[in-house]
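First the structure, in the form of structure tokens, and then the observations on it.
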Amino acid sequence: MEDYGLDSHGVMLLCEYREKRPLFTKLQEVAMQKLKELVANNGIELNSMESRVKSEKSLAGKLERKGQKYRSITDITDIFGARIIAFYNEDVDRIAAIAEKVFDVDWTNSVDKRKMHQFNSFGYNSLHYICRLPKSLYEDPQYPELNQIPFELQMRTALQHVWSAIQHDIGYKSDIETPIEYHRGLSRLAGLLELADDEFSRIRSSINDYRRRMQSLVKKGKFEEVPLDGETFRSYLNRHPFDKLNRKIASINQAELLPASAMPYFGVMRQLGMKTLADVERLVSEEFNDAYRLALFQIGSTDIDILSETIGIQNVCIVKILKSGGGLPGLCNLFDIVNGASPNNAVMAEIVMKQAQRLPFLASRE
């Protein structure tokens, strides 16, 4: 077997690596499975998760440079390495907290490179833990050494990963002698990425605060203060504002109501000029009776006994469109928004238009 020109100590370590490679592969399999479970169970969205067992050639290069540092192959802490790339700094901290709970962390050899820069410098940011699998997490009598092998767990944001990849690609090292303009340029870029990381976190936090504030206002029924958007409309629907109308319509034929999401009608509400949830609430109240009368003409003389829970909101929108003079084109647009563009929508619009002709506000126009 190739010795890569190593000295006798390096060759001994390389032989030990070849002998124990199946152990590192098993460690990779077990650790990655556990990491994926832990991240999923905590609801953390990732950019990526990757791992590798160091190749023989890569290990030989390391042993050539600093093989005398190691007495045994298990003194090399990164033969198996895992990397978790999150989107936000706070998620890196959450992942680190999880790792600290479930793995045995070697704090002496672990490093938080995010804290290594001076206040006026920028550079590579990442969190590196040297870990071992505790027996409480995994134990296999066939692999008794598995719990003694260290591995490296890197945790960073996507932008930190970009910086690392760029550094690696251009072969930049902060300690090499290069012209000052290159150092300055790279430091500026690193600072921009660090600022972007902080801004993404700040914006996400602000959006989450906004969502919680809007949900609280919706829960308290303070609809005048709540602008109509996708999030607030979803919260509003959680209050089941169309249940009363749905039940009244269902009572016509003692029909069963099948669950269905009314979220597709958000676009219709915007088309109808609704600006706040108070506008939607007034719409439901004002068109309640005519929406019910329309249902009488739709199903009163039929034996239909199964209805969608969207029947109430649909009829409210139909009545509003017709009262506003939208006519057949307005109904077609309604069905295009809710169902997606289709020739069938024109047919549906014509049927509904005929059913609605007997509504008092339309009949009086004839």
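Numbers here are sequence positions counted from 1.
For R132, there are no side chain to side chain donor-acceptor pair (under 3.5 Å) partners at least two apart in sequence or on another chain. Applying the salt bridge (charged side-chain N to carboxylate O under 4.0 Å, His left out) rule to D197 yields no partners; only residues at least two apart in sequence or on another chain are considered.
A salt bridge links D78 and K54; the closest N-O separation between the charged side-chain nitrogens and carboxylate oxygens is under 4.0 Å.
Side-chain contact between K275 and L228: absent, with no pair of heavy atoms (C-beta onward) separated by less than 4.5 Å.
By the 30° and 60° cut-offs, the orientation of the rings of F233 relative to F266 is tilted.
In this structure, the side chain of S110 engages the main chain of I130 through a donor-acceptor pair within 3.5 Å. Checking side-chain atoms of S206 against main-chain N and O of R202 turns up a donor-acceptor pair under 3.5 Å.
D305 and N253 share no donor-acceptor pair across their side chains, judged by distance under 3.5 Å alone. With hydrogens and angles left out, the side-chain atoms of D106 and N109 include a donor and acceptor closer than 3.5 Å.
For the side chain to side chain donor-acceptor pair (under 3.5 Å) condition, the pairs that include at least one residue of residues 217-237, sequence neighbours left out, are Y210-D229, E224-R282, D229-T232, Y236-E281. Applying the ring pair (Phe, Tyr, Trp, His ring centres under 6.0 Å) test to pairs two or more places apart or on separate chains, none has a residue in residues 278-303. Within the structure, every pair that satisfies the ring pair (Phe, Tyr, Trp, His ring centres under 6.0 Å) test and touches residues 43-80, not counting sequence neighbours, is listed here: F80-F151.
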Taking only distance into account, with no hydrogens and no angle test, what donor-acceptor pairs under 3.5 Å do side-chain atoms of residues 39-46 form with protein atoms, sequence neighbours excluded?
residue	atom	partner	partner atom	Å
N41	ND2	E37	O	3.1
N42	ND2	L38	O	2.7

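How far NZ of K354 is from CG of L328: 10.5 Å, rounded to the nearest 0.5 Å.
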